[in-house]
Amino acid sequence: MSFRRAALATLVGVALVAGPVPAYGHDDGKGHVSFPGQEVKQQEFEGVTARNAASHSNAPESFAPCVDGLAAGTYPCDGVDMLSHLWLDDLGLSFANDIWGWTDPLTAKDYALVGGTEGTVFVDISDAKRPRVVGMLPTHSTEGGDFWRDIKVYGDHAFVVSENKGHGLQVFDLTRLRDAGVTPATFTADVDYQEFGSAHNININTGSGYAYAVGTTTCDGGLHMVDVRDPKNPTFAGCMSDVGYVHDTQCVDYQGPDTEHVGREVCVSSAAQWGGASPEQIVNTVAVVDVTDKSNPRVLSNVEYPGDGYSHQGWLTPDQATFLHGDELDEVFNGNTTRTRVWDVSDLDNPSVTGAFDNTTTSIDHNMYTQGQNAYQSNYTSGLRVLDTSEAAQGMLTEKAFFDTYPENDNASFEGGTWSNYPYFRQQGIVAVNTMDRGLFVLKPRIGAGG
């Protein structure tokens, strides 16, 4: 399956006339599709910021339980309470995107690591109803590229990438947050790894101590592998470019049901590559790669799927038998409602789609993460959706709770809403949700972390 550049250009042109400009440009790193230029993208971001400023006057900023389907009469919800909220200007950001988290092993404090245009903001959410901005690590570069950044944590260090040119990989020792004062601090990176210029995303296998930057200016946009076992001395470990551009990946020490591969290090990636006779076509896939030997990674499988738009992101269930997968543009190109594909990956050499959950919302799905029998899914204009994964092995998902951070609509667009979330804090059941237009929400679904 594939889509053509002409179709995308037409879509963008219609959006310019009919409404908010879709930020398709945040997939620029794949290199093979003509996306709108920086001027068009800037229009979209300015629109997000303007809407954010206009909505300050009528939205809650503190604890707001979900009552009769609304939080403080503003945010549609079901079974999810808002513990606190920080606006973009509270965070010192003009546009927000990715998020990750860290629990200090010494103090047991929880921190949200909030990505945005200006840098990475560290927020102490130990008192979840009273979050405190501790400081910011400014972006290493502001040159060209795009505004988003991605963050992961290993060994009490944050690892930050951005699509700004020359940004590389910032490494920040999170234990420095212990010494921060009352006034938010401006931090500097401990290390700037410059073996690649820009990157779209990063994943870290905390079991092996290897980071995998994807969508970089190296490795044909595939896996750029970095040894981070000594966090302040990251070293290049290898490339994997055999499955095309990788938009996102999850790499694990495999302990799943496929006995042939138990004990190996495996990455499951959302990938895109040239296809057919025309260079204007892209083939969207889910790819499984054995990266145990960084000098000789081995593709186990690379599988297309029907009804694709753009293979974006996914996450394994804890038993590593199922992969939940989001395609970012199928709602736009195919008109389906918000769709989550369920992949059986119990045979890593032969994964297959066994089902799909089509939600009642029409918004575009984005990042999701699993914990216990829950999947926490950030969908742009329909907010945080909590899915029940107890029957995922049978190809079935159901929705059990939600909190809509963008009450204006559920359009299949990039006009606002949530980019990502982090559900793994010490405080069980707390989920930090980052939104492009309204900043950080600290939420608590009324469900157990295990389901």
Side-chain angles (χ1 to χ4, degrees), residues 60-72 74-86 96 98-105 107-114 122-132 134 151-153 174 206 250 315-319 322 324 340 357 359 365-379 382-392 397-406 417-435 438-451:
E61 298 183 2
S62 58
F63 176 63
C66 182
V67 179
D68 296 331
L70 288 175
T74 301
Y75 297 109
C77 55
D78 181 16
V80 182
D81 297 326
M82 186 179 85
L83 302 185
S84 57
H85 175 214
L86 293 176
D98 190 62
I99 189 169
W100 206 245
W102 176 64
T103 297
D104 188 329
T107 66
K109 288 186 175 182
D110 287 327
Y111 293 87
L113 316 182
V114 180
F122 306 106
V123 183
D124 182 348
I125 62 166
S126 302
D127 183 346
K129 293 182 180 179
R130 299 169 184 82
R132 181 177 70 90
V134 177
I151 311 148
K152 296 297 184 294
V153 170
L174 292 163
T206 57
Q250 183 187 9
W315 213 250
L316 293 163
T317 52
D319 62 5
T322 306
L324 306 184
T340 305
F357 171 62
N359 211 328
D365 50 318
H366 209 237
N367 291 1
M368 71 179 129
Y369 302 97
T370 63
Q371 184 183 53
Q373 294 183 343
N374 299 325
Y376 298 87
Q377 187 177 73
S378 282
N379 295 340
S382 62
L384 177 73
R385 322 301 290 201
V386 184
L387 306 184
D388 185 339
T389 65
S390 60
E391 296 183 285
L397 304 170
T398 56
E399 183 174 271
K400 61 198 309 185
F402 72 86
F403 189 98
D404 190 349
T405 60
Y406 191 79
T418 172
W419 184 285
S420 194
N421 68 85
Y422 182 83
Y424 305 116
F425 292 107
R426 174 189 58 83
Q427 300 173 79
Q428 194 174 53
I430 299 295
V431 183
V433 176
N434 206 17
T435 69
R438 285 181 168 89
L440 173 67
F441 290 79
V442 181
L443 305 178
K444 186 166 186 178
R446 297 174 195 159
I447 54 177

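Under the ring-ring contact (aromatic ring centres under 6.0 Å, His included) criterion, Tyr369 pairs with Trp100, Trp315, sequence neighbours left out. Partners of Lys152 according to the side chain to side chain donor-acceptor pair (under 3.5 Å) rule, which considers only residues two or more places apart in sequence or in another chain, are Asp150.
Side-chain contact, Thr103 with Asp110: a donor N or O sits under 3.5 Å from an acceptor N or O.
When every heavy atom of Cys66 is checked against every heavy atom of Asp81, the shortest pair comes out as N-OD1, 2.7 Å. Looking at every heavy atom in both residues, Ile151 comes nearest to Asp98 through N-OD2, 3.1 Å. Annotation for Phe403 and Cys77: closest pair CD1-CB, 3.9 Å, computed over non-hydrogen atoms. Across all non-hydrogen atoms, the minimal contact from Asn379 to His366 is OD1-N, 3.7 Å. Scanning all heavy atoms of the two residues, the minimum distance from Tyr111 to Phe425 falls at O-CE2, 3.2 Å. The two atoms that bring Asp124 and Lys109 nearest to each other are OD2-CD, 3.6 Å, heavy atoms only.
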One pair to check against side chain to side chain contact (heavy atoms under 4.5 Å, CB included): Phe441 and Thr435. What are the steps and the verdict? CA-CA 8 Å; Phe441 290 79; Thr435 69; 3.7 Å; yes
Could you please spell out the steps behind the side chain to side chain contact (heavy atoms under 4.5 Å, CB included) verdict for Tyr75 and His85? CA-CA 12 Å; Tyr75 297 109; His85 175 214; 4.2 Å; yes
One pair to check against side chain to side chain contact (heavy atoms under 4.5 Å, CB included): Val114 and Val123. What are the steps and the verdict? CA-CA 8 Å; Val114 180; Val123 183; 4.2 Å; yes
Could you walk me through whether Phe122 and Leu174 pass side chain to side chain contact (heavy atoms under 4.5 Å, CB included), step by step? CA-CA 9 Å; Phe122 306 106; Leu174 292 163; 3.8 Å; yes
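Considering Thr340, Thr418, Asp365, Asn367 as possible partners of Gln377, the one that fulfils the side-chain hydrogen bond (donor to acceptor under 3.5 Å, both in side chains) test is Thr340.
Pro65 is listed as a side-chain neighbour of Phe63, based on a closest heavy-atom distance under 4.5 Å. Side-chain contact between Glu391 and Thr398: absent, with no pair of heavy atoms (C-beta onward) separated by less than 4.5 Å. Side-chain contact between Leu384 and Tyr376 is present, with heavy atoms from C-beta onward closer than 4.5 Å. A 4.5 Å side-chain heavy-atom check between Thr322 and Thr389 finds every atom pair outside the cut-off. Residues Arg132 and Val134 form a side-chain contact, since some pair of their non-hydrogen atoms from C-beta on lies under 4.5 Å apart.
For Glu399 (side chain) and Asn359 (main-chain N/O), no donor-acceptor pair under 3.5 Å exists by modelled atom type. A donor-acceptor pair is defined here as one N or O able to donate and one able to accept, closer than 3.5 Å; no such pair exists between the side chain of Ser84 and the backbone of Ser62. A side-chain donor-acceptor contact under 3.5 Å links Gln427 to the backbone of Ile125.
Separating the CG atom in Asp404 from the CZ atom in Arg385 is a distance of 6.5 Å, to the nearest 0.5 Å. In this structure, the separation between CG on Asn421 and CG on Asn434 is 10.0 Å, given to the nearest 0.5 Å. Note that CG of Leu397 is 5.5 Å distant from CG of Leu324, once rounded to the nearest 0.5 Å. Residue Leu387 holds its CG atom at 9.0 Å from CG of Asn374, rounded to the nearest 0.5 Å.
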